[in-house]
Amino acid sequence: MRPFKGLFVTGTDTGVGKTVISTILVRLARRRGVNAVGIKPVETGCNWRDGVLHPEDGALLTAASDNEISLDDVTPFRFSLPASPARAAAMEGRKLMLSDIVGHISAIAESSELVIVEGAGGLMVPIQENLMMIDLIERLGFPVILVARMRIGTINHTLLSVSALEARSLGIAGIVLSCSSREFGPEEEHTAGDIARLVKHIPVAVTPFLDENDLANPDSVTDVIQSSWPEEFLSRLLG
Ligand SMILES: Nc1ncnc2c1ncn2[C@@H]1O[C@H](COP(=O)(O)OP(=O)(O)OP(=O)(O)O)[C@@H](O)[C@H]1O
Ligand SMILES: C[C@H](N)[C@@H](CCCCCC(=O)O)NC(=O)O
Ligand SMILES: [Mg+2]
């Protein structure tokens, strides 16, 4: 039995693979019989479509959740400017309150078996004045999945994010290194092991490079991940 109602997917940066990993987690959970839904409550950089801001990440999470949740509930807070939520809101003359985001996520968590929440950018991204993504995580109390790029520089970025979470005693359920490039340096086969040794008790998994065909076929991606992540890692996250 999972002791938590939600998982929070954060990253060492924007564009590291949080959406790829969040959608995979939702699909894996659902395959295991857990009625999980994926949400991205705040999305910036949305494009206008038919007079409405369209959240790309939110749409991918809605599809991963088999449309059991509406796009309005997946991503209620949408902004056009591709910036931090606080900056996008300020430049669009709108107000974004952390407490409203917490309220929305808590309501979704109440009505679902498991909610997988994707953040925007990394831990220290401003949401409201001096309140950051890490403050949202702290208020929710959900364990964190930290997604990082498999690329030179990632050991530093990953350990800095782990330090920030540990400084507030926030639980880290796992670290995922996502290989978004086909090129693989000779040191990279050691990166996951090096990070695992340095973070000691936190499990580390690697998501292999997924080509365009893989990414276009969510079922085959889910198969790839199911066979490449250790079962122990999956059961710790999804029960
Ligand atoms: N394992 C992988 N194989 C191939 N491409 C990947 C992989 N992981 C991520 N990518 C690609 O990297 C890009 C960024 O990934 P993604 O959109 O998941 O990042 P993100 O952290 O969610 O970004 P944001 O901060 O904007 O939400 C996408 O084009 C995605 O398809
Ligand atoms: C536009 C990006 N894709 C992302 C916001 C990233 C903000 C990064 C701010 C920073 O760290 O400098 N938005 C989002 O995930 O909804
Ligand atoms: Mg994303």
Go through Glu118 and Ile39 one step at a time and tell me if the side-chain contact (heavy atoms from CB on, under 4.5 Å) criterion holds. CA-CA 6 Å; Glu118 182 189 339; Ile39 66 172; over 6 Å; no
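- Among all heavy-atom pairs drawn from Phe142 and Val117, the shortest one is CE1-CG2, 4.0 Å.
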Listing, residues 200-213 side-chain donor-acceptor contacts under 3.5 Å, not counting sequence neighbours, or none:
| unit_1 | atom_1 | unit_2 | atom_2 | d |
| --- | --- | --- | --- | --- |
| His201 | ND1 | Val199 | O | 3.3 |
| Asp211 | OD1 | Asn213 | N | 3.0 |
| Asp211 | OD1 | Asp214 | N | 2.8 |

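- To the nearest 0.5 Å, the span separating CD on Glu92 from CG on Leu81 amounts to 6.0 Å.
- In this structure, Leu215 CG and Thr23 OG1 are separated by 8.5 Å, a value rounded to the nearest 0.5 Å.
- Side chain of Thr44 to backbone of Ala83: a donor-acceptor contact under 3.5 angstrom is found.
- Taking the side chain as every heavy atom from C-beta outward, Ile101 and Ile127 approach each other to under 4.5 Å.
- When hydrophobic clusters are built by joining Ile, Leu, Val, Met, Phe, Trp and Tyr residues whose side-chain heavy atoms come closer than 4.5 Å, directly or via intermediates, Leu160 is not grouped with Ile175.
- For Ala148 against Thr154, the heavy-atom pair with the smallest separation is CB-OG1, 3.5 Å.
- Between Thr12 and Val147 the shortest side-chain heavy-atom distance does not fall below 4.5 Å.
- Here the closest non-hydrogen pair linking Ile21 and Ser178 is CD1-OG, 4.1 Å.
- Without hydrogens or angle criteria, Arg149 side chain to Cys179 main chain gives no donor-acceptor distance under 3.5 Å.
- Considering only heavy atoms from C-beta on, Val176 comes within 4.5 Å of Ile145 through its side chain.
- Counting all heavy atoms, side chain and backbone alike, Gly38 lies closest to Leu61 at O-CB, 3.6 Å.
- The CD atom of Glu166 sits 8.5 Å away from the OG atom of Ser169 when rounded to the nearest 0.5 Å.
- Here the rule is side chain to side chain contact (heavy atoms under 4.5 Å, CB included) with Ser161, and of Asp13, Leu146, Thr10 only Leu146 fits it.
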Residues 24-31, side-chain donor-acceptor partners within the protein, below 3.5 Å, at least two apart:
| unit_1 | atom_1 | unit_2 | atom_2 | d |
| --- | --- | --- | --- | --- |
| Arg30 | NE | Asp66 | OD2 | 2.9 |
| Arg30 | NH1 | Asn35 | OD1 | 3.2 |
| Arg30 | NH1 | Ala36 | O | 2.7 |
| Arg30 | NH2 | Asp66 | OD2 | 3.2 |
| Arg30 | NH2 | Glu68 | OE1 | 3.3 |
| Arg30 | NH2 | Glu68 | OE2 | 2.8 |
| Arg31 | NH1 | Asp223 | OD1 | 2.8 |
| Arg31 | NH1 | Gln226 | OE1 | 2.6 |
| Arg31 | NH2 | Asp219 | O | 3.2 |
| Arg31 | NH2 | Asp223 | OD1 | 2.8 |

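- The structure places CD1 of Ile137 at 4.5 Å from CZ of Phe8, a figure rounded to the nearest 0.5 Å.
- In this structure, Ile172 and Arg236 approach most closely via the heavy-atom pair O-NH2, 3.3 Å.
- Residues Pro55 and Val74 are not in side-chain contact: their nearest non-hydrogen atoms beyond the backbone lie 4.5 Å or more apart.
- A salt bridge does not link Lys95 to Asp100: none of the charged nitrogens lies less than 4.0 Å from a carboxylate oxygen.
- Closest non-hydrogen pair, Leu234 versus Trp229, comes out as CD2-CE3, 3.7 Å.
- When the side chains of ILVMFWY residues are joined at heavy-atom separations under 4.5 Å, either directly or via intervening members, Leu60 and Ile116 end up in two distinct hydrophobic clusters.
- Side-chain contact between Asn47 and Glu56 is present, with heavy atoms from C-beta onward closer than 4.5 Å.
- To the nearest 0.5 Å, atoms CE (Met133) and OG (Ser84) are separated by 8.5 Å.
- The CD atom of Glu183 lies 10.5 Å from the CZ atom of Arg151; values are rounded to the nearest 0.5 Å.
- Within the 4.5 Å cutoff, the side chain of Gln128 has no heavy atoms near those of the Leu96 side chain.
- Looking at Ser80 and Cys46, their side chains never come closer than 4.5 Å, going by heavy atoms from C-beta outward.
- For Arg94, the CZ atom is densely surrounded, since the number of other residues' heavy atoms within 6.0 Å is greater than 12.
- Formation of a donor-acceptor pair under 3.5 Å by the Lys5 side chain with backbone atoms of Ser112 is found in this model.
- Within a 6.0 Å radius of NE2 in His157, no more than 12 heavy atoms belonging to other residues, nucleotides or ligands are found.
- Between Leu136 and Leu131, the closest side-chain pair of non-hydrogen atoms is not below 4.5 Å.
- For the salt bridge (Lys or Arg N to Asp or Glu O under 4.0 Å) with Asp57, the qualifying choice from Arg78, Lys18, Lys40 is Lys40, the only one to do so.
- Other residues, nucleotides and ligands contribute only 12 or fewer heavy atoms inside 6.0 Å of the CD atom of Glu110.
- Note on Met91 and Phe79: separate hydrophobic clusters, where clusters join Ile, Leu, Val, Met, Phe, Trp and Tyr whose side-chain heavy atoms are under 4.5 Å apart, directly or indirectly.
- Hydrophobic clustering (side-chain heavy atoms under 4.5 Å, transitive across Ile, Leu, Val, Met, Phe, Trp, Tyr) groups Ile134 together with Leu159.
- Linking Ile, Leu, Val, Met, Phe, Trp and Tyr whenever their side-chain heavy atoms come within less than 4.5 Å puts Met150 and Leu198 in one cluster.
- For the ring-ring contact (aromatic ring centres under 6.0 Å, His included) test, no residue two or more places apart in sequence or in another chain qualifies with Phe77.
- Of the residues listed (Val115, Asp135, Leu7, Ile105), the one engaging Leu140 in a side chain to side chain contact (heavy atoms under 4.5 Å, CB included) is Ile105, and it is the only one.
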